[in-house]
Asker: 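This is the structure, below, for whatever I ask next.
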Amino acid sequence: MPDSPCHILRVLNADILCEIIELLREVKLLTPFSETCKMLRRASKPHLFRNACISASHDLLSGKLFSFATDIWLYVRHLTVRGFWVRIWYGDPLDLGDLPLADFLARMPSLQAITVDDADSMGGPGIPWDGITALLSPPQLREFNLRITLNRETPIPRDANFAIAPLTRLCFSIWDYRDHPRAQIGETSLMQYVVSVVAPSLEHLSIPLDVAPIAEMAALSWPRLRTLELKGDLDIEPFQAIIDVLSRMPQLRHLTILRAQRRGSPRPVLWSSACTKAFPCPQLETLCLSHLDPQTELYSHLPSTLRQLSLRCWPRHYLHQHVHDRKAMTRLEWQSQICTASEVHLALRRCSLHALESLEVEYEEDDHEGLLLCSISELFPHLNTLTIYRYRRPVSPSIKAVAITHALSRLRALRVLRIHADLAEAPHPLADFMLGSPPYIFPTYEETLNEFAGVLAKGLGLELRFVCLLLRERWTNLWLPFRIIRDSGGSVSEIRREMDLDAVGGYTLFDDASPNTEEQVPLPGELDLFEF
């Protein structure tokens, strides 16, 4: 009688068995495998129950979560709590009462990360204070991701003195296009309290600028912080206060500051000519900034360790081009002070980043665009990824792909080119509504994109592997990846549009979200509200 699968697997090294289990989990075959025998069921449990998701109203506040016994919670590493913190749909925000949430979480020995997610990112009553304190309390917790507001009008209790786990990662996000006042008092007071407690242990901090306690952050020590991400709308005057924060973060490697530009306000100057300090983050590797004045002294002080630089608009400039998107920008009193090609060229010329590997620029064309594009290969000869958002002046025709290849042909190491060329042939993002059809690429424009990608692929260096072109379609802004296949001699033998990729070169194919969502896009009968 042949040996059973269980008997054979018993002789495997534990690490090899874990590899097999992980491969089966990825192809969604782990459940039937785990039902083979008790030994495999026991070995599969840490993988089957690694991630768990519960409903705040149905499972937690109803008490059901605590009413039955199971050992699956021993294996959960990432817990997601989703939905409104109410017992009925239209109820008021509640407190936990006698529900033993903190004790329940403390008895999950493998728990490392908690994500609290709202069913509706633009609404909901918020999460009660005793709920947030319970979620932050497990001593084994290391990552906390908050995607739901706190009690909107209630600040943290004055006598609050609750324990918080030594987090290494703290992320809090709000909807990018939330109405003013964008900073809710509950969120602001929570960030002030939590940040002051976990600063010594944090390695990754990502919070909205709107609620970031900048003054408090500048007074704290951040000995382990490696990633700082700030995004939103905060009027910091002077904006150089950010430099005081960075000076407390000696280990920082990755910095993102995306600040919306208020109507009528000047571009921020992160580093004034009066600043005599050395750059406070000597080991910085990636830097992403929005709307900076090209005259700022920052560019002259960037460390040679930098490998990735992004000079962009936030929100993207293309979200200011059409009426249906621009309504949100008008409501928020945001404008796009996009730099010209000449201004971006001025900023890049002040950088001394010979070893830079990835560059992103966003600009409006002018008479010196050719000079900018040609200078990129001179200033950054080792680029392997280049992202360009370039916009036509109102009366300008589309740029020719051959002009781009001529300017960038000396980038010998380039492997990924992502370009939004703002082609005049591009249909309106909502144009398919005119036909009452599902989303699709108009055949004539698809042919234009294929031809554009083909010229770029054949005209650039032999190392090029992908050309990505941006498609704006309804509420989605998506990079279309074209894979370049070469023969043994290096010539292009095929240019194939890939349909199943999520990322190229480590960059997601989904660009910034539009203000409109699937639920907000007009019906065909409402198209008179939009321009075509």
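Only this structure's heavy atoms are used, side chains among them; waters, hydrogens and symmetry mates stay out.
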Asker: Answer yes or no: is there an ion pair linking D511 with R472, defined by an N-O contact shorter than 4.0 Å?
Answerer: no
Asker: Give a yes or no answer on whether the side chain of Q184 reaches the backbone of T188 with a donor-acceptor pair at less than 3.5 Å.
Answerer: no
Asker: Quick one: does H317's side chain have a donor or acceptor within less than 3.5 Å of a partner on Y363's backbone?
Answerer: no
Asker: Check whether E285 reaches the backbone of L306 with its side chain - one donor and one acceptor, N or O, closer than 3.5 Å.
Answerer: no
Asker: Got Y318 and H420 here, is their nearest side-chain heavy-atom distance under 4.5 Å?
Answerer: yes
Asker: After noting the C-alpha distance and the side-chain angles of E187 and R178, does the key distance pass the salt bridge (Lys or Arg N to Asp or Glu O under 4.0 Å) rule?
Answerer: CA-CA 14 Å; E187 298 164 349; R178 176 195 276 187; 2.8 Å; yes
Asker: Under a 4.5 Å cut-off applied to non-hydrogen side-chain atoms, are D512 and W314 in contact?
Answerer: yes
Asker: What do you reckon, are the aromatic ring centroids of Y177 and W475 less than 6.0 Å apart?
Answerer: no
Asker: Identify whether NZ of Lys or CZ of Arg in R147 sits under 6.0 Å from the centre of the six-membered ring of F172 and within 45° of that ring's axis.
Answerer: no
Asker: Would you check if V194 and L136 make a side-chain contact, meaning some heavy-atom pair closer than 4.5 Å?
Answerer: yes
Asker: Heavy atoms only: give me the nearest A56-V81 pair and the separation to one decimal.
Answerer: CB-CG1, 4.0 Å
Asker: Counting the benzene-type ring for Trp, do F104 and W73 have ring centres under 6.0 Å apart?
Answerer: yes
Asker: Using 0.5 Å steps for rounding, measure from the NE2 atom of H291 to the OG atom of S265.
Answerer: 9.5 Å
Asker: Using a cut-off of 6.0 Å, state whether more than 12 heavy atoms not belonging to R483 lie near its atom CZ.
Answerer: yes
Asker: Given Y299, which partner from the list L311, L346, L348 fulfils the side chain to side chain contact (heavy atoms under 4.5 Å, CB included) test?
Answerer: L311
Asker: Which heavy atom of D325 sits nearest to which heavy atom of L319, and what is that distance?
Answerer: CB-O, 3.2 Å
Asker: Under the salt bridge (Lys or Arg N to Asp or Glu O under 4.0 Å) rule, what do D210 and K231 come out as? Steps first, then yes or no, please.
Answerer: CA-CA 8 Å; D210 313 75; K231 179 176 71 171; over 6 Å; no
Asker: Taking the side chain as every heavy atom from C-beta outward, state whether T286 and T227 have any pair of such atoms under 4.5 Å apart.
Answerer: no
Asker: Taking E463 first and then R412, would you say they form a salt bridge - that is, a charged N and a carboxylate O separated by under 4.0 Å?
Answerer: no
Asker: If you define the side chain from C-beta out and look only at heavy atoms, does anything of D233 sit under 4.5 Å from L332?
Answerer: no
Asker: Would you name the heavy atoms of S290 and C313 that are closest together and state the gap between them?
Answerer: CB-C, 4.3 Å
Asker: When rounded to the nearest 0.5 angstrom, what distance separates CG in L372 from OG1 in T340?
Answerer: 9.0 Å
Asker: Show your working on side chain to side chain contact (heavy atoms under 4.5 Å, CB included) between Y507 and S358 and close with a plain yes or no.
Answerer: CA-CA 11 Å; Y507 293 87; S358 176; 2.5 Å; yes
Asker: What verdict does the side chain to side chain contact (heavy atoms under 4.5 Å, CB included) test give for N384 and V416, after you've listed the backbone C-alpha separation in whole Å, the side-chain angles of each residue and the deciding distance to 0.1 Å?
Answerer: CA-CA 6 Å; N384 56 53; V416 178; over 6 Å; no
Asker: Taking side chain to side chain contact (heavy atoms under 4.5 Å, CB included) as the criterion, tell me which of D117, I114, L190, L170 meets it with L146.
Answerer: L190
Asker: Between T305 (side chain only) and L284 (backbone N and O only), is there a donor and an acceptor less than 3.5 Å apart?
Answerer: yes
Asker: Which atoms form the tightest heavy-atom contact between Q337 and P266, and what is the distance?
Answerer: OE1-C, 4.0 Å
Asker: Mind checking the CZ-OG spacing from R349 to S300? Nearest 0.5 Å is all I need.
Answerer: 12.5 Å
Asker: Do L353 and L379 touch side chain to side chain, with heavy atoms closer than 4.5 Å?
Answerer: no
Asker: Is it true that, when you exclude D71 itself, more than 12 heavy atoms of the residues, nucleotides or ligands shown sit nearer than 6.0 Å to its CG?
Answerer: yes
Asker: Checking the side chain of R253 only, and the main-chain atoms of Q251 only, is there a donor and an acceptor separated by less than 3.5 Å?
Answerer: yes
Asker: In sequence, state the C-alpha distance, the side-chain angles, and the governing distance for I174 and R182, and then conclude on side chain to side chain contact (heavy atoms under 4.5 Å, CB included).
Answerer: CA-CA 9 Å; I174 64 174; R182 292 171 56 84; 4.0 Å; yes
Asker: In terms of ring plane angle, is the pair H382 and H354 parallel, tilted or perpendicular, where the classes change at 30° and 60°?
Answerer: perpendicular
Asker: Looking at R390 and E362, is any side-chain nitrogen of the basic one under 4.0 Å from a carboxylate oxygen of the acidic one?
Answerer: no
Asker: Minimum heavy-atom separation for A102 and S137, please, with both atom names.
Answerer: CB-OG, 3.8 Å
Asker: Taking R350 for the side chain and T296 for the main chain, is one N or O donor matched with an acceptor at less than 3.5 Å?
Answerer: yes
Asker: Would you check if L228 and L246 make a side-chain contact, meaning some heavy-atom pair closer than 4.5 Å?
Answerer: yes
Asker: Quick check: do I54 and L65 have side-chain heavy atoms less than 4.5 Å from each other?
Answerer: yes
Asker: Rounded at 0.5 Å granularity, tell me how far CD in Q112 sits from CG in L167.
Answerer: 12.5 Å
Asker: Please confirm whether the backbone N or O of L478 pairs with a side-chain atom of T476, one donor and one acceptor, at under 3.5 Å?
Answerer: no
Asker: Regarding T115 and H78, do their side chains bring together a donor and an acceptor under 3.5 Å, going by distance alone?
Answerer: yes
Asker: Holding to ring-ring contact (aromatic ring centres under 6.0 Å, His included), I want the full list of residues that pass it with Y193, two or more places apart in sequence or in another chain.
Answerer: F162
Asker: Do T387 and E360 have side-chain N/O donor and acceptor atoms under 3.5 Å apart?
Answerer: no
Asker: Start with the C-alpha gap between Q308 and L359, add the side-chain angles, then the distance that decides, and say whether side chain to side chain contact (heavy atoms under 4.5 Å, CB included) holds.
Answerer: CA-CA 6 Å; Q308 180 177 323; L359 175 67; over 6 Å; no
Asker: Do Y389 and R312 have side-chain N/O donor and acceptor atoms under 3.5 Å apart?
Answerer: no
Asker: For S514 and N477, does a side-chain donor sit closer than 3.5 Å to a side-chain acceptor?
Answerer: yes
Asker: Under 3.5 Å, is there a donor-acceptor pair linking the side chains of E229 and S206?
Answerer: yes
Asker: Quick one: pull up CD1 in I243 and CG in L298 and give me the separation to the nearest 0.5 Å.
Answerer: 6.5 Å
Asker: Quick one: side chains of residues 211-226, donor-acceptor pairs under 3.5 Å with protein atoms, not counting sequence neighbours, listed by atom name and distance.
Answerer:
unit_1 : atom_1 : unit_2 : atom_2 : d
S221   : OG     : R248   : NH2    : 3.2
W222   : NE1    : M217   : O      : 3.1
R224   : NH2    : E203   : OE2    : 2.5

Asker: I want to check a possible cation-pi pair here: R262 against W334, using under 6.0 Å from ring centre and within 45° of the ring axis as the test.
Answerer: no
Asker: Minimum heavy-atom separation for S189 and G186, please, with both atom names.
Answerer: OG-O, 3.2 Å
Asker: Roughly how far, to the nearest 0.5 Å, is the CG atom of L289 from the OG1 atom of T256?
Answerer: 8.0 Å
Asker: Would the distance check show the side chain of S201 and the main-chain N or O of T168 forming a donor-acceptor pair, the cut-off being under 3.5 Å?
Answerer: no
